[in-house]
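Notes follow the structure.
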Amino acid sequence: MNGKIDFHNITLRFKKFEALKDISFSLDTGKIHGLIGRNGAGKTSLLSLLAAFRETTDGQITIDGEPIFENPDKMQQILFVYDKSYAEEYDKIPAMLEFVERHRPYYDKEYADYLVKRFKLPLDKSVNKLSKGMQSAMNAVIGLASRAPITIFDEAYLGMDAPTREIFYQEILADQSEHPRTFILSTHLVSEMDYLFDNVVIINQGRLVLNEDYETLTARGASITGAAEQVDDFTSGMKILNEQKLGGTKKVMVYGVPDEQRLSAASQQGLDIGPVSLQDLFIHLTEEEQ
Amino acid sequence: MKKTKVNPKVVSDIFYEQFKWSLWFLCILVAIHIVVLFFFPNSEAGIVNFFEFSSYSTAVFMLVCGIMAVYVFFTSHVQQGVTRKEVYLGVVIGAFGLALFLTLVPLVVNGVEFLLAEYTALPFTFTSIGSGSEWLVEAIFYLLNILTYYLVGWLIGVGYYRFGWIIGFLFIAAAILALSLNDYFLKDDNISSAIPWIPDIQVYASTPAAIAGSLVLIAVLLAVMRLLTKRMAIKMYAN
């Protein structure tokens, strides 16, 4: 499958403010990529560049080696779903979907109808009258049913209640298994969405922190719990993300996997080795950068 | 890289949307003219014919359509993977189609009014557009005039869309200049007293010169609009 995305030394400046600083990385095709970063990290800026909504100040984004900006073939492959204001949108959902269907070659109408029912979206109300959550669900329908080879959801869940978000996530996974494409999901609801990701990109303050396979990344972190002294001995020299102490017991989160031998030695010493969630890694990796 | 061509879907989207607005506009305009017919008695010269009556309102309607064009058509289309160039071409062709439609309808309504005045007992007389080929020249002037108003509206719209309120005012100034030139070519306006470097000749008096001048103005506006929208950032939020 084609569609490899390359970001080559991307810089984006607004007057004096540098939103993105010399970012380079690649995204493989056919995977679900999680783009995570704190508020103002530059997630939306980065995605708006990929969607060709604006031009980079420096650097270039390519798909299969071709620059995307004003490239009709490439722009057609990308769909950017974001928290758009529908305050002035007097059309109803069917008209909105027809417009998308008209311009999206892989749009699946049956699937869209199914999703509209699944999200219980009203067809007879104008879009500006819908609740925020329903507008977001409509965005989700647009993004899913378009089957654009590169589908970007930028915090597309805003306003959705928990059950609706769950449906949204289920549908992403279900459709991905039947019609594989590249998804980019930007979020700060990391703990809720981490099981969706094949790959994780973390950015912070306009810089790339990491771009790694989800399994590799989470396997890199470990939490070590045990008697304070033993834990300190064991973790000395490791990159410590966080420490918590309760009485004589200490829990330390480390990044950068200790090798198997050390881990089994630790277990023998009675230390408890546990996994670290992506959420924890995210919090501590981006905190440290400050 | 595939070259951008005219995207017929985009052209028809843009034309059709504005066509719908123009139907509302025309209905209201015809209604107002009918009210004028019945409530304001014939003056000696006759009632202003629909063609003449509509000319100023149609120009303003086109100006408003032009102002809205960037807001209504750019964001929505680029979000669906359409390039700026395709949207640009769509807006240009759509504007031309709309201008043609809004020239033909007043001509037809005007013809119907004349026939009614001629062959029915209705007590109306209308001013005449002109005899022989004069009406054709009037129609061409009408078309060029409203097309220019659309492009000027588009210029103002993009100025505000891209640069916000303060620099937007500069675009209003540019718009006033463009419309003054437009009047200089197509109307009996003498702007050389206001703008000293414009030669004091009656361009309007010579049809070919007026049409040529107006076409040059339109070409300049088209070029400026392409430059302004070519690499324009698409606004994600309404503010």
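Throughout, a chain's letter reflects where its sequence line sits, starting with A, and its residues are numbered from 1. For the numbers below, each heavy atom of this structure counts, side chains included, while hydrogens, waters and symmetry mates do not.
Atom CZ of B:Phe96 has 12 or fewer heavy atoms from other residues, nucleotides or ligands within 6.0 Å. Within a 6.0 Å sphere centred on NZ of B:Lys20, heavy atoms belonging to other residues, nucleotides or ligands number more than 12. No more than 12 heavy atoms of other residues, nucleotides or ligands sit less than 6.0 Å from atom OH of B:Tyr16. Within a 6.0 Å radius of OH in B:Tyr56, other residues, nucleotides and ligands contribute 12 heavy atoms or fewer. Annotation: A:Lys132, atom NZ; neighbour count of heavy atoms from other residues, nucleotides and ligands within 6.0 Å is above 12. At most 12 heavy atoms of other shown residues, nucleotides or ligands fall within 6.0 angstrom of atom CD1 in B:Ile166.
Contacts between A:Arg102 and chain B at a heavy-atom distance below 4.5 Å involve backbone atoms as well as side-chain atoms.
In terms of modelled atom types and a separation under 3.5 Å, the side chain of B:Gln80 and the main chain of A:Phe99 share no donor-acceptor contact. A donor-acceptor contact shorter than 3.5 Å is absent between the side chain of A:Glu55 and the backbone of B:Ala233.
For the atom pair CD (A:Glu70) and CD (B:Glu86), the distance works out to 8.5 Å, reported to the nearest 0.5 Å.
The side chain to side chain contact (heavy atoms under 4.5 Å, CB included) test with A:Pro72 singles out one residue from B:Thr83, B:Asn7, B:Val82, and that residue is B:Thr83.
Top candidate by heavy-atom pairs under 4.5 Å with chain A, chosen from B:Lys230, B:Met232, B:Arg231, is B:Arg231. Contacts with chain B were tallied for A:Leu79, A:Ile142, A:Val100, A:Val81; A:Val100 has the most, counting heavy-atom pairs under 4.5 Å.
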Candidate pair B:Met236 and A:Phe80, rule side-chain contact (heavy atoms from CB on, under 4.5 Å), full reasoning: CA-CA 10 Å; B:Met236 293 178 59; A:Phe80 182 29; 3.5 Å; yes
I would like to know whether A:Met75 and B:Arg84 meet side-chain contact (heavy atoms from CB on, under 4.5 Å); could you show each step before the answer? CA-CA 10 Å; A:Met75 280 177 69; B:Arg84 288 158 187 75; 4.3 Å; yes
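Heavy atoms only, all atoms of each residue included: A:His103 and B:Lys9 are closest at CE1-CB, 4.0 Å.
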